[in-house]
Amino acid sequence: MKVVIVGGVAGGASAAARLRRLDEEAEILVFERSGYMSYANCGLPYYIGGSITEQRALTLQSPQSFWSRFRVQVKVRHEVAAIDRVQKTVTVRALDSGEVWEESYDKLILAPGARPIIPDLPGIGSKRVYTLRTVEDTLQIREKAAGSGAKSAVIIGGGFVGVEMAENLKELGLAVTLVEKADQLLGQLDKDMASFIHAHIRSKGVELLLKSELTGFEETADGILVKLDGERALEASIAILAIGVRPDSTLAADAGLALGVRGTIEVNEHMQTSDPDIYAVGDAVSVPHLVTGEKMAVLLAGPANKQGRIAADNIAGLWTVYKGAAASSVVKVFEMTAASTGINERTAKAAGIPYDKIIVAPASHASYYPGGRVMTIKLLFGQEVGKILGAQIVGFDGVDKRIDVIAAVMQTGGTVEALPELDLAYAPPYSSAKDPVNMAGFAAENARTGKVNQFFYEDLAGLGASGATLLDVRTDTEYSAGHAEGFELHIPVDELRERLDELDKSKPVYVMCQSGLRSYIACRILTAAGYTCYNFAGGYRFYASVKNDELNEEANTDCGLKC
């Protein structure tokens, strides 16, 4: 059997290695368009910034090492230009020599990945405008940013690449401006959770421009002007275009293979295309979302590797299936970490999925052990049975392992009731006896069983005129340092039982503390005393982050670049 693989990065290389482990006799041939195979795409920004110091560390395998280990022939700088499904051949072009020939196959795996979106705008072809997708891109950007005296950079796009490039170019000493068309960075998060990221990025000296649309570029004598709609142009040494990618499905479309959502290659659960002898994996395909069931593109290395393995299994006669993806992700933002799994509120609303949510702010490990940092956890779950729909966590320490635990429970169909029961590893430097995941479960369980009524940031606008009592139960020091609008009544939680006569029992009481824990305790006290009580999810810390983000946005809109 002869298997040809188009693309030798995550999905393609994984498929080739797995197939060889299953079939020692198969002839396996990989064609990779770039000059490198099996490279660490996710590590490219960190080589530019200097965290990864050796270029060779970016390439996990070379054609030579892959041949030595697996006896798989890999031809880099070779592009597959066409597929003849009747003759079962592909047209191959050697990019260095220009030679063109037909290569036969018994089975074909397409792993072409995705291409950066490059809009048709004035000046887009400037040599000072870069995209980051390949090792070659990386080397060019690093040379220009670190070796040619660049002083400043404008990054257009606030997804993974844009945020990581902002950090790494800042680490190189460049003045960095990050421009995003939407009203937030990192669209996998809800805007309220992204507010922590916005504040942290600004604190690092990165100029952040949200709701700013790129209109073009113009080269100057020693740099480039980045033009924005209705705003002054930004002058920089270089510009990084990171507004997204689109699936590289042209080869499949030209061959008459069925396409799916947003131009992706349609595949079944065996990663088989509409042609049973052709498989497809990675960024170019659409797969089911494990929560919504809807087809989507998952531009992440983990799913691509798994899909490559499953395609190889099926070619070798093992009828394994790819059930779908939860879109779990994590990203480093300077010292902060943002992670998510499943769906966010925006997706749930668009899909018409009824949901409830909790927001908690536990410490990363035992408070008495030095170095603990607060993380914010937002958990979404179904209204009927409490099935976990998604989670977002933003913090500084231990974020990654908490999102992984929640993702694992979610992917096995678990409900929020399972989270308090999890027996998780504990020692003071690593966690608390009640792990943050347990705490999220406790909060969700309390909300579902009616032990606490919640209210959220979006509910605050109408409370002042409702006649309700707005109560802050933090300490005197905390309250004097700042409090939420309208929360003029202040009674520390430890004094509440003795001061109940200051509250009108005929009015509902909306309570806020720093993290949501003391306000929950206050609500239990008030409920037992016959009051109707609501606890603010996330606490004053969450309120202040979202409020400050709104004020920054208003300042930029009212004046900022438009003044």
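Side-chain atoms of R262 never come within 3.5 Å of backbone atoms of P247 as a donor-acceptor pair (strictly under, hydrogens ignored). T412 places a side-chain N or O within 3.5 Å of a backbone atom of A408 that can act as its donor or acceptor partner. T527 places no side-chain N or O within 3.5 Å of a backbone atom of R524 that could act as its donor or acceptor partner. With D459 contributing its side chain and F455 its backbone, the two residues share no donor-acceptor pair below 3.5 Å. Checking side-chain atoms of S432 against main-chain N and O of D435 turns up no donor-acceptor pair under 3.5 Å. Proximity of a side-chain donor or acceptor of E213 to a complementary backbone N or O of G230 within less than 3.5 Å is not detected. Proximity of a side-chain donor or acceptor of Q307 to a complementary backbone N or O of G282 within less than 3.5 Å is detected. Put simply, the side chain of D190 never gets that close to the backbone of M193: no donor and acceptor are under 3.5 Å apart. The main-chain N or O of E294 is never found under 3.5 Å from a side-chain atom of H289 such that the two would form a donor-acceptor pair. Counting only distance, with no hydrogens or angles, the side chain of Y543 and the backbone of E485 share a donor-acceptor pair below 3.5 Å.
Heavy-atom neighbours of E498 CD from other residues, nucleotides or ligands within 6.0 Å: above the threshold of 12. Atom CZ of R497 has 12 or fewer neighbouring heavy atoms from other residues, nucleotides or ligands inside a 6.0 Å radius. Applying the 6.0 Å contact sphere to CG of D501 captures more than 12 heavy atoms from other residues, nucleotides or ligands.
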I would like to know whether L234 and V179 meet side-chain contact (heavy atoms from CB on, under 4.5 Å); could you show each step before the answer? CA-CA 10 Å; L234 305 172; V179 177; 3.8 Å; yes
Determine whether F542 and D192 satisfy the following criterion, side-chain contact (heavy atoms from CB on, under 4.5 Å), listing intermediate values before the conclusion. CA-CA 8 Å; F542 185 83; D192 50 12; 3.5 Å; yes
As a quick check of understanding, evaluate side-chain contact (heavy atoms from CB on, under 4.5 Å) for I48 and L132, giving each step before the final call. CA-CA 10 Å; I48 293 171; L132 179 61; 4.1 Å; yes
Y355 vs E345, test: side chain to side chain donor-acceptor pair (under 3.5 Å). Steps then yes/no. CA-CA 8 Å; Y355 68 93; E345 282 198 78; 2.4 Å; yes
One pair to check against side-chain contact (heavy atoms from CB on, under 4.5 Å): L210 and H198. What are the steps and the verdict? CA-CA 10 Å; L210 301 174; H198 300 166; 3.7 Å; yes
Can you list the steps and then say if E458 with K357 is a salt bridge (charged side-chain N to carboxylate O under 4.0 Å, His left out)? CA-CA 13 Å; E458 57 268 28; K357 63 181 177 179; 2.7 Å; yes
Side chain to side chain donor-acceptor pair (under 3.5 Å) between R474 and Q514, intermediate numbers included: CA-CA 7 Å; R474 294 176 298 154; Q514 192 70 11; 3.0 Å; yes
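At least one side-chain heavy atom of L500 sits under 4.5 Å from a side-chain heavy atom of Y531. The shortest distance between side-chain heavy atoms of S212 and K181 does not fall below 4.5 Å. R499 places a side-chain heavy atom less than 4.5 Å from the side chain of P492. Residues V360 and T376 have side chains not in contact (no heavy-atom distance under 4.5 Å, counting atoms from C-beta outward). Counting only heavy atoms from C-beta outward, the side chains of S328 and Q411 approach each other to under 4.5 Å. Side-chain atoms of N535 and N453, non-hydrogen and from C-beta on, never get closer than 4.5 Å to each other. A 4.5 Å side-chain heavy-atom check between N344 and L189 finds every atom pair outside the cut-off. For the pair I359 and L379, the minimum side-chain heavy-atom distance is 4.5 Å or more.
Look at K332 and E167 and you find a salt bridge, because one of the NZ, NE, NH1 or NH2 atoms lies within 4.0 Å of a carboxylate O, short of that distance. Salt-bridge annotation for K451 and E445: absent, with no side-chain N of the basic residue lying under 4.0 Å from a carboxylate O of the acidic one. Ion pair K295/E269 not flagged as a salt bridge, since none of the NZ, NE, NH1 or NH2 atoms sits closer than 4.0 Å to an Asp/Glu carboxylate oxygen. Taking a cutoff of 4.0 Å between a charged side-chain nitrogen and a carboxylate oxygen, D549 and R202 qualify as a salt bridge. A salt bridge between R133 and D283 is present, with a side-chain N of the basic residue lying under 4.0 Å from a carboxylate O of the acidic one. For the pair K211 and E180, the salt-bridge criterion is not met [side-chain N within less than 4.0 Å of a carboxylate O].
Nearest heavy atom pair, residue G260 against residue E266, reads CA-OE1, 3.3 Å. The two residues A433 and N438 come nearest to each other via the heavy atoms O-OD1, 4.3 Å. Across P303 and V298, no two heavy atoms sit closer than the pair CG-CG1, 3.6 Å. Scanning both residues, A153 and L169, for their nearest heavy atoms gives CB-CD1, 3.7 Å. Closest heavy-atom contact between P354 and L389: O-CD1, 4.1 Å. Here the shortest heavy-atom pairing between K505 and A529 reads NZ-O, 2.9 Å.
M410 CE to T415 OG1: the interatomic distance, rounded to the nearest 0.5 Å, is 13.5 Å. The CG atom of N552 sits 12.0 Å away from atom NZ of K547, with the distance rounded to the nearest 0.5 Å. A distance of 12.5 Å separates SG of C523 from CZ of F536, quoted to the nearest 0.5 Å. Separation of atoms CG (D472) and CD (E478) is listed at 8.0 Å; rounding is to 0.5 Å. Residue E171 holds its CD atom at 6.5 Å from OG of S51, rounded to the nearest 0.5 Å. Atom CG of L186 sits about 14.0 Å away from atom NZ of K191, to the nearest 0.5 Å.
Cation-pi geometry between K170 and F334 is not met at under 6.0 angstrom from the ring centre and within 45 degrees of the axis. Under the 6.0 Å distance and 45° angle rule, R448 does not count as a cation-pi partner of F381. R373 forms a cation-pi arrangement with F396, by the criterion of a distance under 6.0 Å to the ring centre and an angle within 45° of the ring axis.
Just one residue in the list V154, T177, I156 forms a side-chain contact (heavy atoms from CB on, under 4.5 Å) with L209, and that residue is T177. The only option from I197, D397, V399 that meets the side-chain contact (heavy atoms from CB on, under 4.5 Å) definition with M336 turns out to be I197. In summary, of the residues considered (L496, T469, I521), a side-chain contact (heavy atoms from CB on, under 4.5 Å) with L526 occurs for L496 alone.
The distance between the ring centers of H483 and Y479 falls below 6.0 angstrom.
Ring orientation note: the planes of Y510 and Y534 are close to parallel, at an angle under 30° on the 30°/60° scale.
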